[in-house]
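Have a look at the structure below before the remarks.
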Protein chains: 2
Amino acid sequence: MTGKIRIGIAGYGNLGRGAELAVQQNRDMELIAVFTRRDPKLINVNTSTTKVLPLAQAEKMINEIDVMILCSGSAKDLPQQGPYLAQMFNTVDSFDTHAKIPEYFEAVDKAAQKGKKTGIISIGWDPGLFSLQRMLADAVLPQGKEYTFWGRGVSQGHSDAIRKVPGVKYGVQYTIPKEDAVARVRKGETPELSARDKHLRQCFVVAEEGADKDKIAAAIKSMPNYFAEYETHVFFITEEQFKQDHVKMPHGGFVLRNGVTGIKQEHKQLMEFSLKLESNPEFTASVLVAYARAAYRLQQEGQYGAKTIFDIPLAYISPRSPEDLRKEFL
Amino acid sequence: MTGKIRIGIAGYGNLGRGAELAVQQNRDMELIAVFTRRDPKLINVNTSTTKVLPLAQAEKMINEIDVMILCSGSAKDLPQQGPYLAQMFNTVDSFDTHAKIPEYFEAVDKAAQKGKKTGIISIGWDPGLFSLQRMLADAVLPQGKEYTFWGRGVSQGHSDAIRKVPGVKYGVQYTIPKEDAVARVRKGETPELSARDKHLRQCFVVAEEGADKDKIAAAIKSMPNYFAEYETHVFFITEEQFKQDHVKMPHGGFVLRNGVTGIKQEHKQLMEFSLKLESNPEFTASVLVAYARAAYRLQQEGQYGAKTIFDIPLAYISPRSPEDLRKEFL
């Protein structure tokens, strides 16, 4: 490789800002432009050499950018933007609407094949690194049972749901894995665990003045799909407490697999992968940026179309040479 | 794929027996033959349909076997057997003499290229899965520090060293990660840790009748390279205790990476992978068998030569289809 890998970022929210910071940690990359649907004048990026452009002008930058990192949401934006941009650029995204992955994969694949580009979908930590660990553990220990626990961390979807309850000024929800459930799996047990058995939900709420707190708590706890099926705790705090303690975005979780081997399947074998993240968007963006390197290399080799984390040799995400990897990491 | 992947196992010690059991857990494989340098009549395999043949006759089985799993030792056997067999068969091995990996890689690569075969080297958990996790974490969190801890588990090399001390009848050595060191790293600290800071060595010894136990303990504790540099504890036990509690081969360990992200590198991000294994050889063999599938597929695609765990898309080790992987594991 002669020059640096030229990166574009589409969408400049928490994830996009995290991607900008992650690019700065990688010397073989440079951030050419951030694309936004907002007024570019209102966007302040950290890197003075980086342009801020309207997303609608992305196609003018086809020859300036090697990989576009898609940092917008899965619900509404990526289903359109993913295939649209994959026709013009190599892409990496964090598409996480699980039920729609097959459909999204097909759409990105079609677009990327057409443009002779490579589009890597559903990258991050879940989907992403957790998917990789689940798959790896399943292949190594075919006789076994897998458990994924999330947290302790902020769930954006559940926090949004709290904020829609009348009388709520600010709200945040932490998903917390139940320690006794994790401990049982770590001990080698393979229990059947319901969603309620695995996680509890902790809500911190700032009520509007004069609001009925009992009513708010009851409304949250009875909300179907989000809270009704779980053990949910609601705590009321002051606005000051909220701004001091609850504006960060920590997250994490565990992927565990309990397998057995032996003539009588008598030996327990436990594989575990865990993350403890002080900033969920910055970590997710760091994974996206590493896979941007892979998208560039795969396309250079003529491996066009949509890819997932399962399809990519790990060496492709590292800036190091194969010799160096064998020497330093094997 | 029409038929099953036809497996051979070269070497029938603990690892070879583990590979036989692992093949039985994978429905897309069948074990055709075990190759040994001992008298085949003295080998009892678990599978009635499996032949036991002299290793010297391996070349007669070229057309009967798709992948040969090499289950002999790295010190003396693999440097010869690896390149020799890689010319005739797709191979997977657990070569773990770290300093000699570049040389071994070249030798297997040359042989496999010549025979249009694929040879995957240094598979298992360390080297192997731990290597993969170290590499992955380094690529995702370039600003960070990595720690590998091993244990609690039996170290074959250290146990052998104990057994060579005069007066020792039986002996086993457990490598134990120091809890305070692991705890510091898990808390997000990035200390400089010496070998002694990271692990302690626990030896269980059955002394011969009339032997001087103090002398044995002193001889063990002062042994350079093996014990002198470590905190070493020696416990004398009876033969009965030994046979009851110390004939299993548990092992495990942790790969941790403490990284930082953020404008001021202010967010700590911890990635951890850990294994807790009741049978080290059976687990190692399970990894080898999963990668045997990859060796077969890579060779079918014309990807000849030596490969490491960094070079192989994870999907290649799974019996599941890409669609199934995306649906079930992403």
Side-chain angles (χ1 to χ4, degrees), chain A residues 18 21-22 25-26 46 98 101-102 105 122 127 129 131-136 138-143 186 252 259 261-263 267-279 282-283 285-287 290 293 308-315 317-320 322-323 325-327 329-330, chain B residues 18 21-22 25-26 46 98 101-102 105 122 127 129 131-136 138-143 186 252 259 261-263 267-279 282-283 285-287 290 293 308-315 317-320 322-323 325-327 329-330:
Chain A
L21 296 171
Q25 289 192 346
N26 288 279
N46 286 307
H98 195 270
I101 284 176
F105 180 89
S122 301
L129 303 188
S131 319
L132 189 82
Q133 304 290 344
R134 284 189 286 260
M135 201 231 90
L136 175 66
D138 174 72
V140 169
L141 294 172
Q143 308 270 347
R186 282 217 185 104
T261 63
I263 293 179
H267 293 131
K268 289 181 181 173
Q269 315 275 24
L270 175 65
M271 301 173 71
E272 176 172 349
F273 178 74
S274 68
L275 293 172
K276 202 174 147 193
L277 310 172
E278 286 190 356
S279 168
E282 287 174 8
F283 184 80
S286 296
V287 185
R293 186 178 287 118
T308 72
I309 200 162
F310 306 134
D311 304 319
I312 301 166
L314 264 284
I317 73 167
S318 175
R320 302 176 192 267
E323 293 76 18
L325 289 178
R326 291 197 289 270
K327 191 162 168 255
F329 293 92
L330 205 58
Chain B
L21 295 172
Q25 288 192 348
N26 288 280
N46 284 308
H98 196 269
I101 285 176
F105 181 88
S122 300
L129 302 188
S131 319
L132 189 83
Q133 303 290 344
R134 284 190 286 262
M135 202 233 90
L136 175 67
D138 174 74
V140 170
L141 294 172
Q143 308 269 346
R186 281 217 187 105
T261 63
I263 292 178
H267 294 132
K268 289 181 181 170
Q269 315 274 25
L270 175 65
M271 300 173 72
E272 176 172 348
F273 178 74
S274 67
L275 293 173
K276 201 173 149 194
L277 310 173
E278 286 189 355
S279 167
E282 287 174 8
F283 185 79
S286 296
V287 185
R293 186 178 288 119
T308 72
I309 201 162
F310 306 134
D311 305 318
I312 301 165
L314 264 283
I317 73 168
S318 174
R320 300 176 193 266
E323 293 75 19
L325 289 177
R326 290 197 290 272
K327 191 162 167 254
F329 293 93
L330 207 58

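Residue numbering restarts at 1 for every chain, and letters A, B, ... go by the order of the sequence lines.
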>> Let's go through B:Leu277 and A:His267 carefully: what are the C-alpha distance in whole Å and the side-chain angles of both, what is the deciding distance for side-chain contact (heavy atoms from CB on, under 4.5 Å) to 0.1 Å, and is it a yes or a no?
In response: CA-CA 8 Å; B:Leu277 310 173; A:His267 293 131; over 6 Å; no
With rounding to the nearest 0.5 Å, note down the distance linking [atom1] in [X] to [atom2] in [Y].
X	Y	atom1	atom2	result
A:Ser274	B:Leu270	OG	CG	6.0 Å
B:Ile312	A:Ile312	CD1	CD1	15.0 Å
B:Lys268	A:Ser279	NZ	OG	14.5 Å

Kindly give the heavy-atom pair with the smallest separation between [X] and [Y], and that separation in Å.
X	Y	answer
A:Leu325	B:Phe310	O-CE1, 3.4 Å
B:Met135	A:Ile317	CE-CG1, 3.9 Å
A:Pro127	B:Leu330	CB-O, 3.2 Å
B:Ala139	A:Ser318	CB-CA, 4.1 Å
B:Ser286	A:Val140	CB-O, 3.3 Å
A:Thr261	B:Gln25	CA-NE2, 4.0 Å

> Can you list the residues that meet the salt bridge (Lys or Arg N to Asp or Glu O under 4.0 Å) rule with A:Arg186, with sequence neighbours excluded?
Replying inline: A:Glu272
Among [options], single out the residue with the greatest number of heavy-atom pairs under 4.5 Å to chain B.
options	result
A:Arg134, A:Arg326, A:Lys276, A:Met271	A:Arg326
A:Asp138, A:Leu136, A:Asn26	A:Asp138
A:Gly18, A:Pro102, A:Gly262	A:Gly262
A:Ala315, A:Ala285, A:Ala290	A:Ala315

[X] versus chain B, the contacting section by heavy-atom distance below 4.5 Å:
X	result
A:Glu323	neither
A:Leu21	side chain
A:Ile101	side chain
A:Lys327	backbone

> Going through the distances and angles, do A:Ile309 and B:Leu314 end up as a side-chain contact (heavy atoms from CB on, under 4.5 Å)?
Replying inline: CA-CA 8 Å; A:Ile309 200 162; B:Leu314 264 283; over 6 Å; no
Checking [X] against chain A: side chain, backbone, both or neither under 4.5 Å from a heavy atom?
X	value
B:Thr308	side chain
B:Leu129	side chain
B:Leu275	both

> What pairs with A:Ser122 under side-chain hydrogen bond (donor to acceptor under 3.5 Å, both in side chains), at least two apart in sequence or on another chain?
Replying inline: none
